[in-house]
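In what follows, chains are A, B, ... by sequence order, proteins preceding strands, each numbered from 1.
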Amino acid sequence: MIDGGLPHYGPMKSTTETPAPGDGQLAILLVISRIPRGRVASYGQVAALAGLPGRARLVGRILSRLPAGSNIPWFRVVNARGQLSFATDSSAWRRQYEALREEQIEFRGRQINLALYRWQP
DNA sequence: AACGTGACGGCTT
DNA sequence: AAAGCCGCCACGT
């Protein structure tokens with residue numbers, strides 16, 4: 001189960017062309033929920049695995065709207081350079097940093113060695 | 001419709 | 001190695 005607080009949108013009413021609100025969101029959250037403890041994935045990687053190549057920013061946008069207390073392991077998603085996408089030393093940055101350190105993920109300065117910690121499904 | 005704003009990414013400096 | 005630049009995508013004004 002992945003629904004630890006999925007924002008819920010109404011069903012799609014139009015059958016024409018506009019994607020339903022939240023289209024792609026489920027696939028993205030499913031992918032993130034599969035990232036194992038002690039590993040990370042980049043926004044772009046998550047998007048690609050969800051079948052939405054090129055939509056890294058969509059992944060970030062969805063995570064930014066994730067309700068607090070969600071069981072989705074949002075903290076295992078980092079940018080393509082192995083850095084956390086928050087202002088350095090902001091409280092959000094520290095929250096993510098601590099969560100990752102909690103799972104034995106090592107930082108070299110402000111970044112993670114993706115060659116070592118990237119999730120490879 | 002135009003323009004600004006991001007939990008992005010790849011390339012160039 | 002770090003910072004710019006610019007392209008990208010989804011949204012709000």
Side-chain angles (χ1 to χ4, degrees):
Chain A
M1 291 318 167
I2 60 142
D3 68 334
L6 301 180
H8 57 303
Y9 293 94
M12 166 163 60
K13 294 173 177 173
S14 164
T15 59
T16 53
E17 92 299 307
T18 306
D23 174 41
Q25 166 160 9
L26 181 57
I28 286 169
L29 292 177
L30 278 168
V31 168
I32 295 173
S33 70
R34 289 180 30 225
I35 306 173
R37 241 184 100 80
R39 314 236 89 193
V40 297
S42 72
Y43 296 88
Q45 181 186 358
V46 168
L49 288 170
L52 301 165
R55 280 140 184 100
R57 304 195 81 146
L58 175 59
V59 174
R61 199 177 79 77
I62 288 171
L63 287 186
S64 75
R65 305 187 161 212
L66 206 57
S70 166
N71 61 349
I72 300 291
W74 57 270
F75 53 86
R76 296 186 185 135
V77 184
V78 302
N79 73 27
R81 292 162 36 186
Q83 302 173 306
L84 312 189
S85 293
F86 290 108
T88 302
D89 288 330
S90 61
S91 65
W93 190 94
R94 284 191 298 272
R95 258 201 317 286
Q96 184 170 13
Y97 178 83
E98 293 304 332
L100 293 174
R101 295 285 358 237
E102 204 71 34
E103 333 194 307
Q104 327 300 319
I105 291 176
E106 299 291 335
F107 282 70
R108 176 172 89 263
R110 301 243 170 267
Q111 54 183 50
I112 295 166
N113 185 342
L114 290 185
L116 236 47
Y117 294 102
R118 181 194 292 277
W119 173 44
Q120 333 228 186

Return the value, rounded to whole Å, for the distance between atom CZ of A:Arg110 and atom P of C:dA2.
11 Å

Scan nucleotides 8-11 of chain B against the protein and return all N/O pairs shorter than 3.5 Å with their distances rounded to 0.1 Å.
| unit_1 | atom_1 | unit_2 | atom_2 | d |
| --- | --- | --- | --- | --- |
| B:dC8 | OP1 | A:Ser85 | OG | 3.2 |
| B:dC8 | N3 | A:Arg57 | NH1 | 3.2 |
| B:dC8 | N4 | A:Arg57 | NH1 | 3.0 |
| B:dG9 | OP1 | A:Tyr43 | N | 2.9 |
| B:dG9 | OP1 | A:Gly44 | N | 2.6 |
| B:dG9 | OP2 | A:Ala80 | N | 2.8 |

From CG of A:Leu114 over to P of C:dA1, roughly how many Å is that when rounded to an integer?
14 Å

Rounded to the Å, how far apart are A:Leu52 CG and C:dC8 P?
17 Å

Which pairs pass ring pair (Phe, Tyr, Trp, His ring centres under 6.0 Å) with one or both residues in residues 31-89 of chain A, sequence neighbours excluded?
none

Could you check which of B:dA7, C:dC11, C:dA2 has an atom nearest any side-chain atom of A:Arg61?
C:dC11

Starting at atom CZ of A:Arg65, determine the distance to atom C1' of C:dC11, rounded to an integer number of angstrom.
7 Å

Between P of C:dA10 and CG of A:Leu58, the distance in whole Å:
6 Å

Rounded distance in Å between the C1' positions of B:dA7 and C:dT13
22 Å

In whole Å, I'd like the distance from the CD atom of A:Gln111 to the P atom of C:dA3.
11 Å

Taking distance alone, no hydrogens or angles, what donor-acceptor pairs closer than 3.5 Å link side-chain atoms of residues 45-52 of chain A to residues at least two apart or in another chain?
| unit_1 | atom_1 | unit_2 | atom_2 | d |
| --- | --- | --- | --- | --- |
| A:Gln45 | OE1 | A:Ser42 | N | 3.2 |
| A:Gln45 | OE1 | A:Arg118 | NH1 | 2.8 |
| A:Gln45 | NE2 | A:Trp119 | O | 2.7 |

From the set C:dA2, C:dC9, C:dG12, return the single nucleotide nearest to any side-chain atom of A:Arg55.
C:dC9

Hey, are A:Glu103 and A:Arg39 close enough for a salt bridge, meaning a charged N less than 4.0 Å from a carboxylate O?
no

Report yes if the side chains of A:Gln83 and A:Val78 come closer than 4.5 Å at any heavy-atom pair, otherwise no.
no

How long is the line joining CD of A:Gln83 and P of C:dA1, in whole Å?
11 Å

Distance, nearest 0.5 Å, that separates OH of A:Tyr117 from CD of A:Gln111:
13.0 Å

Between A:Ile35, A:Val40, A:Val31, which is the residue that forms a side chain to side chain contact (heavy atoms under 4.5 Å, CB included) with A:Val77?
A:Ile35

